[in-house]
**Student:** 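Structure provided below as structure tokens; questions to follow.
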Amino acid sequence: MTAAGDPDSAYVRMANLTKKFGDFTAVDAVSLDIRRGEIFCLLGGSGSGKTTLLRMLAGFERPSGGAIHIDGEDMSAIPPYERPVNMMFQSYALFPHMSVERNIAFGLEQEGLQRAEIRRQVGDILDIVKMGGFGSRKPHQLSGGQRQRVALARALVKRPKLLLLDEPLAALDRKLREHTQFELISIQQRLGVTCIVVTHDQEEAMTLGTRLGVMNHGRIAQVGTPSDIYESPVTRFVADFIGSVNMFEGRVSEDGAECVRIRSEELGCTVRAERSVHCVGGSTVWTAIRPEKINISRHRPLAASAQRADAAENVVRGTVREIAYMGDMSIYLVQLDSGRMMRVTLPNITRGTERGFAREESVWLSWHGSSPVVLTE
Ligand code: ATP
């Protein structure tokens, strides 16, 4: 058993977990620890193996290799109904002919609990998901968001120690999804249940997850907090998968103690990156710069003015080709003198248009040395 109350203890431990369907490897030697009481989000494109991983944890799918321990106990011989796990599926799978109350009570009835106790527990959980007045309705008399909360109540009523949620909010519209994300976090914190959430929606993963695991072709590409993954991706795949990124190939021209310099023909300048991995001089690397970390100006930035044009660092010239007004921010697609496009976002902090740039306007793009992430793979 892992130490209860230790926030860093591994509540779920997957070691070399593998699932093959015939010749195809859907989950490939995944080793991952999930901490007690956290919301861990598994994020990945369609077919990356997220659902298969959850189904193995729930016991619906038998691993082809590796092991799962939950709270220190080996799960290999434990059937689904004896695991301290509940899974909420992509489609909420509520019984259509049963009332909300009966839907939630179903699992407790199977356990043979007394009627009064079942009523009390159903009432409590309906209050927690704010569906107290809806017990007698049938699923078709509810909105999508309400059905989602009933499904959540049904998954929570048996007080599982581990709750597995497969795309729990996919059916909700954007506003309701955001609202429900915060509700889900608050319910999870009140009940202290450990959650693993599968989603392909990166914003959802960033909002919900204490930590994220990015999956690609059945493997975990990176695990970390949302800001780790966003600010310090370790591969081009992760950098590109999460958020928008400008990625340029280049060659390491200087590998100093405090910064690395990369000459990029695609970008048409030298990138000076302060935080970076160790790079071999002369090797090919990629620099990733997020669009919100780029300054756009009509005049050459002062810091760059002292530099010779052929030795410019972290500054390039280009022409605005496209502008998309998004309300809270605007996206500028700038074609560099090298021909490549760069994406820049600016928050619309005033209602006026005085900061705006026009299509075909000539601009300078620059960024701080802490902005580029250097990637070697
Ligand atoms: P999505 O986001 O589309 O639900 P996912 O990441 O959850 O994708 P999985 O459902 O885990 O992906 O599927 C991973 C891969 O395994 C897919 O290529 C899928 O076609 C394959 N797969 C899943 N179940 C089976 C099965 N029973 N038989 C054969 N292949 C399967």
Side-chain angles (χ1 to χ4, degrees), residues 12-34 38-68 70 75-76 79-81 83 85-94 144 147-148 151-152 155 160 162-174 177-178 180-181 184 194-209 211-224 226 229-230 233-243:
V12 180
R13 174 155 286 173
M14 292 164 242
N16 281 318
L17 194 58
T18 300
K19 179 67 193 180
K20 293 187 178 187
F21 295 108
D23 291 343
F24 179 75
T25 306
V27 173
D28 193 359
V30 165
S31 293
L32 182 62
D33 283 356
I34 310 293
E38 78 172 328
I39 303 185
F40 188 94
C41 286
L42 271 175
L43 184 63
S46 185
S48 57
K50 309 177 296 290
T51 301
T52 306
L53 192 71
L54 273 204
R55 289 176 57 80
M56 285 194 280
L57 290 172
F60 300 139
E61 208 74 74
R62 181 181 281 274
S64 316
I68 298 167
I70 300 181
M75 290 290 121
S76 49
Y81 52 88
R83 298 188 182 198
V85 176
N86 208 335
M87 183 156 171
M88 191 175 126
F89 292 94
Q90 268 174 2
S91 57
Y92 307 139
L94 296 174
R147 272 201 292 274
Q148 188 274 337
L152 188 60
L162 177 63
L163 182 60
L164 307 176
L165 301 149
D166 192 355
E167 303 277 1
L169 312 178
L172 309 186
D173 68 44
R174 193 187 159 92
R177 199 158 64 207
E178 263 177 30
T180 314
Q181 283 164 4
L184 187 59
T194 305
C195 290
I196 304 179
V197 181
V198 154
T199 176
H200 63 267
D201 179 335
Q202 45 176 286
E203 275 181 32
E204 184 163 299
M206 305 279 265
T207 310
L208 282 179
R211 291 190 307 148
L212 318 181
V214 181
M215 279 193 87
N216 185 25
H217 294 307
R219 291 177 179 234
I220 298 281
Q222 189 171 350
V223 173
I229 302 273
Y230 187 81
V234 295
T235 61
R236 280 183 287 161
F237 171 78
V238 175
D240 200 35
F241 188 76
I242 307 285

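This one's a predicted model, so the numbers in the text were calculated from it and none came from an experiment. Order of listing sets the numbers, starting from 1, for every ligand and every atom in it.
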**Student:** Examine Gly49 against ligand 1 and note whether any of their N/O atoms are separated by less than 3.5 Å.
**Tutor:** yes
**Student:** For ligand 1, indicate whether the residue His200 contacts it via side chain, backbone, both or neither (heavy-atom separation under 4.0 Å).
**Tutor:** neither
**Student:** Are any of the side-chain heavy atoms of Phe21 and Thr52 separated by less than 4.5 Å?
**Tutor:** yes
**Student:** I'd like to check the side-chain hydrogen bond (donor to acceptor under 3.5 Å, both in side chains) partners of Arg83; sequence neighbours left out, ordered by chain and number.
**Tutor:** none
**Student:** Using a strict 4.0 Å cut-off to heavy atoms of Thr52, name the atoms of ligand 1 that fall inside it.
**Tutor:** 9 (P), 11 (O), 13 (O), 14 (C)
**Student:** Within a distance under 4.0 Å of any heavy atom of Phe24, pick out the atoms of ligand 1 and give their elements.
**Tutor:** 15 (C), 16 (O), 18 (O), 21 (C)
**Student:** I want to know if ligand 1 touches Thr51 in the polar sense, i.e. an N/O pair below 3.5 angstrom.
**Tutor:** yes
**Student:** For Gly45, take its heavy atoms, then give the atoms of ligand 1 lying under 4.0 Å from any of them.
**Tutor:** 6 (O)
**Student:** So how far is it from Arg55 CZ to Leu53 CG, rounded to the nearest 0.5 Å?
**Tutor:** 12.0 Å
**Student:** Give the minimum heavy-atom separation between Ile34 and Arg211, together with the two atoms involved.
**Tutor:** CA-NH2, 4.0 Å
**Student:** Look up atom CZ in Phe241 and atom NE2 in His200, then write down how far apart they are to the nearest 0.5 Å.
**Tutor:** 8.5 Å
**Student:** Which of these, Gly47, Ser48, Ser46, Ala26, has its nearest heavy atom closest to atom 17 (C) of ligand 1?
**Tutor:** Gly47
**Student:** What pairs of residues pass the salt bridge (charged side-chain N to carboxylate O under 4.0 Å, His left out) test when at least one of them lies in residues 16-29, not counting sequence neighbours?
**Tutor:** Asp28-Arg219
